[in-house]
Protein chains: 2
Amino acid sequence: MVREETDGAGAKIGTDHSAMRARNERLVLSLIRRHGALAKSEIARLTGLSAQTVSVIMRGLEAAGLLTRQAPVRGKVGQPTVPMSLAPEGALFLGLKVGRRRTEMVLIDFVGQVRGARVMRHDFPSPDGVIDFARRSVAELTAPLPEDLLKRIQGLGIGLPFQLWDWAASLGLAADAMDDWRHRDIRAELAPEMPWPVLLENDASAACNAELVFGKGSLPKDFVYAFLGFFVGGGLVLSGSMFAGHSGNAGALASTPVPDGQGGSRQLVEVASLSALERALAARGQNGAFLWESAPDWELDEEIVAPWLAEAAKGLAHVAASAGALCDLQAMVIDGWLPDRLRTRLIAAIEVELDHIDLSGMARPRIMAGTAGPQARSLGAASLPLSAKFLVEFASLPDVPDRD
Amino acid sequence: MVREETDGAGAKIGTDHSAMRARNERLVLSLIRRHGALAKSEIARLTGLSAQTVSVIMRGLEAAGLLTRQAPVRGKVGQPTVPMSLAPEGALFLGLKVGRRRTEMVLIDFVGQVRGARVMRHDFPSPDGVIDFARRSVAELTAPLPEDLLKRIQGLGIGLPFQLWDWAASLGLAADAMDDWRHRDIRAELAPEMPWPVLLENDASAACNAELVFGKGSLPKDFVYAFLGFFVGGGLVLSGSMFAGHSGNAGALASTPVPDGQGGSRQLVEVASLSALERALAARGQNGAFLWESAPDWELDEEIVAPWLAEAAKGLAHVAASAGALCDLQAMVIDGWLPDRLRTRLIAAIEVELDHIDLSGMARPRIMAGTAGPQARSLGAASLPLSAKFLVEFASLPDVPDRD
DNA sequence: CGTTAAATCAACATAGTTGAGTTATTCCTT
DNA sequence: AAGGAATAACTCAACTATGTTGATTTAACG
């Protein structure tokens, strides 16, 4: 039931029977995840598969504990339909998010509920410290689980900022303080110790995946996602699935050139990131460390926040326009380690800036708020093994009509 | 043998046996197209399919006339391998390219050789004129074909500039001269008359597809393609296949905002297009009509071409950087209705401009020349039905190792 | 109690896999 | 140089996995 995806050197790219079944199973799970509970007959109509085939597949998924039957729906002529929904305890996932001041591990279930969490604070992350924390947290989070749930853990996802070593200088640390990260591969180090697959992604890409898999709003099929943390990162969702790029670095919004207002260009990270905000605080003699102390509920002086917001919005609007033109995007989704109110203001400001950009020849992308908020990255890390094992690439998914 | 892809409302998204076979057949054809002749045993190794399955599939493709056996290769221990290559006459395709002053139709074979062509010149294209030309050209191009080749025509692809109606003003025509295009759908009008599928794409996206399908150079898996014509357009190739976007408008490079050198931004089309060059000519009192008269072999005054080149390169370098960051691209491919020497200069100039952009945090995209040149668009139009029917999405293709 | 739609059962069809056998070559031994 | 062993490509026949079809059962409404 729901086999691993073969990968690596000897990857099989031809399709055989088991690949066919695997894909059809993922298709069923993906449809139910996106739409909510669906009856076998509805799945048959949506997929074009025969009722018999769908019946076999869904009974299998139910037997595997991944689907549960809901109360039968009566009121229409004919035998009542039995909607099947995702079984929350059908599968569990661990997510490790490495951050600037906080490293977190979460345990989530099949529907994205957080079942447990651990947090470690640090001046700056070190590979050894993170690996140690990961080991302890896995032990602590799995210890209370009964045998049957323990077996349902499907993987560990890691969300890690890329080019961590570039932080050192900006943190006032010795320039080589984080050089360790250059040469360490924590995925490869943790994988042998863990009984499940271990996956790694850029932390912002992971956040994007959380939005895609667990997002509550109705997302378009194509959008660019931006997460404002110490850096700014993102992800690119095309045809409903995340596009990671050949080296896993797609959505590297930090590096995007944006006009600097003086005829040249600079990188987005210089204007639309919390590091930029921290610099603005420092310029006024304030210590920005509080930004990272706890959940982001801070309130800043308007004199500091307004100019930062204006520049960030200008940069992000430029990205929305150029990414929109290139990829025919319908939206840009904004999230970050930000208080809700600030995120709302930022979105409004981007809309205003977009008015000042010539968008002829392309569709204007909507600017939307993310639904996962500050915890998007850890949720996203945990969502990586979920996507890898249980979801089909959405390219082939149809629009699911609402039930009447 | 190689079935049509089902599409439209009742699209079947579940996988059944025939979809499995269809995909494996396309996979075989895609591998041979990319690599050149391959033996059954090599295909078996590359795909991971069993020798028996590959044998059955390839005998079928041979019987269908899509593959031909090459001379057996001896010299190694064991039975000699029989490489199979694409049969040039295995399938034929028609391509209609609508342009500013020229509309063309070509007939190409399975390996991209042009078997026939028709050209119509006009002051500006009209839907009725184009449809009429298409009808006549199809008749003229197919008339000399023997019965068996006639049956091998697989489709008609159309490459059409989007937003044709915006030209009118810049051509000095009545503003509503091309309003017809707003309301006409030449694909829908031609389709019922033709015994094959009729597909339509943006002309620049079609050119991109030609590069992808017939390109002689070794292309990376992810690149952005730019074609400089009257406008500038492009295409986006991700994981080896073209990404068209939800409304078919991906790669709309014309609309990309680039810094205007004065602190604001303007659209790429204003600097990197032949319409910009024509404007520069007009500003010096020269009539730019000659640009379109024949194949692009013109030589321009350095005082006109140098400033245009500089601005175009600056704009394209900005696009290369921002697209590169967003999509983790390995390259930008440049082609256009340009003399070869000018294209070469443009590429060099983009490289220089790229040196002035901060690319930290991303890989520097290579700037490469296209291999199809001025005829890329008509070739590309004809390549559309080829891709649709005979190629698999390359996402799953492995790197084919060279034979030793 | 007839009609309807969901769900299932049993027989069947399709296409991939496995293992044995055939073929055409090179390599090795005499 | 001749003949057999080794090797690798290819094919055949039997088998397996999985999807489809048409008949049947089930549980509701009217």
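Chain identifiers are assigned alphabetically (A, B, ...) following the order of the sequence lines, protein sequences preceding nucleic acid strands; residue numbering begins at 1 within each chain.
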Quiz item: Between the side chains of A/Arg34 and A/Ser30, is a donor N or O closer than 3.5 angstrom to an acceptor N or O?
Solution: no
Quiz item: Between the base of C/dT14 and the side chain of B/His17, is there any donor-acceptor pair under 3.5 Å?
Solution: yes
Does [X] have a side-chain nitrogen or oxygen under 4.0 Å from the phosphate oxygens OP1 or OP2 of [N]?
X	N	result
B/Thr53	C/dA15	no
A/Ser18	C/dG16	no
B/Asn24	C/dA15	no
B/Ser41	D/dC10	yes
B/Lys40	D/dA8	no
A/Ser55	C/dT8	yes
A/Lys12	C/dT17	yes
B/Arg59	D/dT11	yes
A/Arg21	D/dA17	no

Atom [atom1] of [X] to atom [atom2] of [N]: distance rounded to whole Å?
X	N	atom1	atom2	result
B/Gln52	C/dT14	CD	P	17 Å
A/Leu27	D/dG19	CG	C1'	14 Å
A/Gln70	C/dA7	CD	P	13 Å
B/Arg74	D/dC10	CZ	P	12 Å
B/Asp16	D/dT18	CG	C1'	10 Å

Exercise. Describe the nucleic acid contact of A/Val56 in one word from base, sugar-phosphate, nothing, applying a heavy-atom distance below 4.0 Å.
Key: nothing
Exercise. Identify which one of A/Val114, A/Thr142, A/Leu145, A/Val138 satisfies the side chain to side chain contact (heavy atoms under 4.5 Å, CB included) criterion when paired with A/Leu107.
Key: A/Leu145
Quiz prompt | Validation row: B/Pro83, B/Leu38 side chains within 4.5 angstrom (heavy atoms) | solution = no
Exercise. Take A/Gly78 and A/Val54, find for each the nucleotide of DNA chain D with the closest heavy atom, and name the residue whose nucleotide sits nearer the 5' end.
Key: A/Val54
